[in-house]
Amino acid sequence: MQILLKGGRLIDPVSGRDEALDIHIAEGRIERIGRSLSVSSAQVIDVKGKIIAPGFLDMHVHLREPGFEYKETILTGCTAAAAGGFTGVCCMPNTKPAIDDEAVIRTIQSKARAALDGLVDVYPVAAVTAGRKGEQLAPFAELSGAGAVAFTDDGDPVSDAEIMRRALEYSSMFKKPIIQHAQDMPMTKGGVMNEGFTATALGLPGMPAVAEDIMIARDIRLAQFTGGQYHVAHMSTAAGVDMVRQAKARGIRVTCEVTPHHIVLTDEVVRSYNTNTKMNPPLRTKEDVDALRQGLKDGTVDAIATDHAPHSFDEKEVEYQTAPFGIVGLETAIGLVITELFLKNVLSLSQIVEKFAVNPRRILHLPDVKIGEGEMANLTIFDPAAEWVVDPQAFKSKSKNTPFGGYHLTGRAVGVFNNGQVYWA
Amino acid sequence: MPLQSRHLLGLDGVKREDIQLILDTAVSFREVLDRPIKKVPPLQGKTIANLFFENSTRTRLSFELAERRLSADVLGFAATGSSVTKGETLKDTARNIEAMKVDMVVMRHSAAGAPHYLSRVIEANVVNAGDGAHEHPTQALLDMYTIREKLGRLEGLHVCIVGDISHSRVARSNIYGLLTMGARVSVCGPATMIPREIEKLGVGVFHHIDDVLPHVDVLNVLRIQLERDAGRLFPTIREYHNFYGITRQRLEKAGRNITIMHPGPINRDVEISAEVADSEDSVILQQVLNGVAVRMAVLYLLSTKN
C-alpha cells in the first residue's frame, strides 16, 4: 500500500524540523519526504493544516489484561490508543497476575502483536516487588530480558525506604528507571480526594498533597544516594514540581510526568460527587495546576502521560467513597493538551510533541523515532484546529469513565502509522 | 410558598426563606405534639421508606415518629441483616425499594454524597438523615428551631460548636444553616479535629475553649467517638475532658448564660459534665422533642413538591 500525505506540517523535535512537507509512505516505510511530491500509484491523503509528528508514546496506561478484561483488553486499549493518536503505550503491572515474571510479559507481548496487527507498541512496565507486595524485589534481570522497560509498583507505592534504595541500585544495572506512584499510605488512609477546602465543605476524607511530597522528597534523596534513575508518575503537586526542578539542577537522575486531567481540573469539580472526578493522585488546587503548567513550560515536567485507568460503568455507579480511583484518558489527551496548553500559550506544538513522543522514549532508553527516508513510519497525525465535543459512548476504550463528557475541545488525533499498519480516525 | 427543592440533601446552598419556612411550619407541628391526640392526616396514603445503612437509634425513631404522626405508611430498612451485607449496591437496594412504590426515602449512610447520588437515580423525594461527615440537615434545623425557641431569634447570636469538627456532619449542617440565618459561628476543638481551611466557610476557629466561652450565646457540644479517636486525634479521654469538657466551673468563669445543646447520645463527664447536661441552661431534651416537629415539617413540605 502506498500513501502520500500531502500538505501537512512536519514537526520533528529530534531533527529540529518544522516545515510543510509531503511524505510518501510505501508498505509502512517512508520513501520520500519533500515539497510538492506526486506519486501516481499512491493514495493521496490531504493533511493540510494537520501536524505530522513522531508517534506519541503514553508511558502510563492500564491495559487491565490479564485479569480485568471486563474493564479493558489489550485489543480495546490499543484501539483506544490508536484512536487517541498514540503509537505506543507502557502498560502498568497492576494486572492479575501482576507483571512480575517473564511469562506475563510474553503473554502481553503476544497479544499486543496480534492486536491491530501490532500497530501499537506495548511496552510492559514490570513490578518492583514480587506480587507488588512491597517485600521482595522482582527478578529485574529476567524481566528486563523479556522486555520490561521500567519498574513500578504503581498504585501500591514502594513504601519501605530500604526496598526503594535497593530497587534503585539494582535497576541501574539494567538502565531502567524506577517509576514511583508517590504516596505516603498512612497519611492517606481512607482518603478519596484532595485534602483542603473542598473536602472540608463536602465532608469527604482527604488525601493531603504533603503525602505525595514527602515520598518524592525521600525518593529524590535515595536517587541521589544510589545514583539510580527515578521517575515520578502522574505528579500532581506544586511542591513536587519544585523538588524535581531543584533535583535536576543538582544533576540527580530524576524525571516526571503529569496527566492531562491534573493540568485541567481542580478539586472543585468533586462537588458534583461525580465518581469520574475520583482518581489517585486526586485533583488538587489551582495553585498546583498552575505549578504543573509552569513545570511543563520550563522543562521540569518531562512528559505527559494519561494514567488511562478504565473501570466498568457499574464499578463507578456507586457512592463516591466506594468508587474505584481512575479515569480513561487515551482518547481525550491530545484535545485537552491542545485546548489547555497550546491555545493558552503554555506550550508550543513542538514542545507538546516532545512531551508526548520524544521525552517518554528517552526516559525509558528507547530509541528516538526517526522521520527520514528509508525509516519505518512511526507517525502521529493530529489536527490542532479540529473542534469536537467529547462523547464517551464513542470511545474505542471498553470503559467510558471520563469527567470530560460533553467538553468542547480543540485538537484531535486524525491517524497513526506504525509497524507497517495504519489507523485513520 | 413551597420549598425550592424536592429533596432535602443538605443545608449548603438552601435559601434563607426555605429554612424560615421549615422552622415556621414546625411551630404548628410542635403544637400538635402537645395535643392529647398527636396524629394529623397530611401524609395519609403516602409511603416513606427509612433506609438506615448506618446504625442510628434516635434519628431513626424521630423520623419514624414524625412519619406516623403525619399518618404516613412507614417502611423500615436497617442495613444489618439486609441484602447490603450480601454485597448489593446502594443503587440496586434503592431501586428495589422504589419498585415497591414508595413516595419518599429517608436515608442515613456512611458515605458523604450518598443521598445526592440516590436523588439522581430514583424518583422519590430524598431526605438526608446523615451522610458520612458531610451533612445532617434535619439535625441542624432542629438545633436552629430550639435556639429560636429558647432565645427568640437566630440573627446576631454567636453559636460555638465544640468537638470533632472534622468528622461531624452536625457541625457542617449547623455552619451552613446558621450562617444563612445570620448567626455568627465558631468551631472549637483540638487542631487534629479541625478540618483544613474551614475558616473559609466563614467560621471562627478556636483551640482553647476558655477563649471563646465569654463570647458565645449557644454552645453545641459534639459527641466524642471514644473508641475511634482516643490516642490518634487526642491523647486520652482524661486530657480531652480537661481541655474541652463543658463543666459548671468553666461556664461560671465565662460569666454569662450560655444555652447548652448536644445532638446526643452524650458521653456524660467526657465532652460534657452530667451536671451541665441536666442543668437549666441545657436544652438537650427539647432538641429531641423539637426534632420530631421539624422532621414533620420537612416531610410535609417535601410531600407537597410532587
Side-chain angles (χ1 to χ4, degrees), chain A residues 185-213 237-239 266-278 282-288 311-325 401 403 405, chain B residues 9-13 51 53-54 84 87-95 107 109-121 128 130-137 164-176 179 187 193-203 205 228 232:
Chain A
M185 300 309 270
M187 281 195 84
T188 51
K189 196 173 169 210
V192 299
M193 70 172 293
N194 183 50
E195 183 175 333
F197 176 66
T198 309
T200 292
L202 294 178
L204 283 171
M207 308 167 81
V210 71
E212 181 172 337
D213 301 336
T237 69
T266 67
D267 61 2
E268 272 292 309
V269 300
V270 179
R271 281 187 180 277
S272 60
Y273 287 105
N274 175 353
T275 55
N276 287 329
T277 63
K278 181 177 174 182
L283 298 169
R284 304 280 188 194
T285 65
K286 173 82 166 48
E287 290 69 48
D288 296 300
H311 292 294
S312 75
F313 177 78
D314 284 338
E315 286 174 305
K316 281 284 199 180
E317 185 69 353
V318 291
E319 307 88 297
Y320 200 86
Q321 279 165 255
T322 312
F325 291 105
N401 51 311
Chain B
L9 304 177
L11 293 187
D12 187 7
L51 309 188
F53 293 93
E54 197 182 64
V84 171
E88 189 179 56
T89 64
L90 171 59
K91 184 180 185 175
D92 286 327
T93 304
R95 283 194 158 171
M107 183 169 79
H109 200 287
S110 60
H116 305 67
Y117 165 73
L118 193 72
S119 71
R120 288 196 294 264
V121 296
N128 180 5
D131 63 324
H134 183 217
E135 287 230 41
H136 192 353
D164 182 2
I165 309 301
S166 288
H167 294 94
S168 177
R169 50 192 169 219
V170 174
R172 283 175 182 76
S173 285
N174 263 286
I175 290 168
Y176 292 129
L179 290 176
V187 295
M193 290 178 152
I194 304 288
R196 296 179 79 79
E197 303 183 47
I198 193 162
E199 64 284 353
K200 287 194 192 165
L201 287 177
V203 303
V205 176
R228 190 185 64 194
R232 199 168 61 91

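Since the model is a prediction, treat every value here as computed from it, not as a measurement.
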Flag, side chain of A:Tyr273 to backbone of B:Ala112, donor-acceptor distance under 3.5 Å: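 The answer is no, because no donor-acceptor pair under 3.5 Å joins these two groups.
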Under a 4.5 Å heavy-atom cut-off, does chain A meet the side chain of [X], its backbone, both or neither?
X	result
B:Lys200	both
B:Ser110	backbone
B:His109	side chain

Which residues pass the salt bridge (Lys or Arg N to Asp or Glu O under 4.0 Å) test with B:Arg172, not counting sequence neighbours?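 Partners of B:Arg172 under the salt bridge (Lys or Arg N to Asp or Glu O under 4.0 Å) test: none.
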Under the salt bridge (Lys or Arg N to Asp or Glu O under 4.0 Å) test, which residues partner A:Asp267, sequence neighbours left out?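 With sequence neighbours excluded, A:Asp267 shows a salt bridge (Lys or Arg N to Asp or Glu O under 4.0 Å) to no residue whatsoever.
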Among [options], single out the residue with the greatest number of heavy-atom pairs under 4.5 Å to chain A.
options	answer
B:Arg120, B:Arg196, B:His116	B:Arg196
B:Asp12, B:Ile165, B:Leu90	B:Leu90
B:Lys91, B:Glu135, B:His167, B:Glu199	B:Lys91

For B:Arg169, enumerate each residue passing the side-chain contact (heavy atoms from CB on, under 4.5 Å) test, keeping only those at least two apart in sequence or located in another chain.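 Applying side-chain contact (heavy atoms from CB on, under 4.5 Å) to B:Arg169 gives B:Glu54, B:Arg108, B:His136.
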Return the OG1 to CD distance between B:Thr89 and A:Glu315, rounded to the nearest 0.5 Å.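 Between B:Thr89 OG1 and A:Glu315 CD, I get 12.0 Å after rounding to 0.5 Å.
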Assess the side chains of B:His134 and A:Tyr320: does a donor N or O sit below 3.5 Å from an acceptor N or O?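 Result is no, nothing qualifies.
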Taking only heavy atoms into account, what residues of residues 194-203 of chain A are found under 4.5 Å from chain B?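 Within residues 194-203 of chain A, the residues under 4.5 Å from chain B are A:Glu195, A:Gly196, A:Phe197, A:Thr200, A:Ala201, A:Leu202, A:Gly203.
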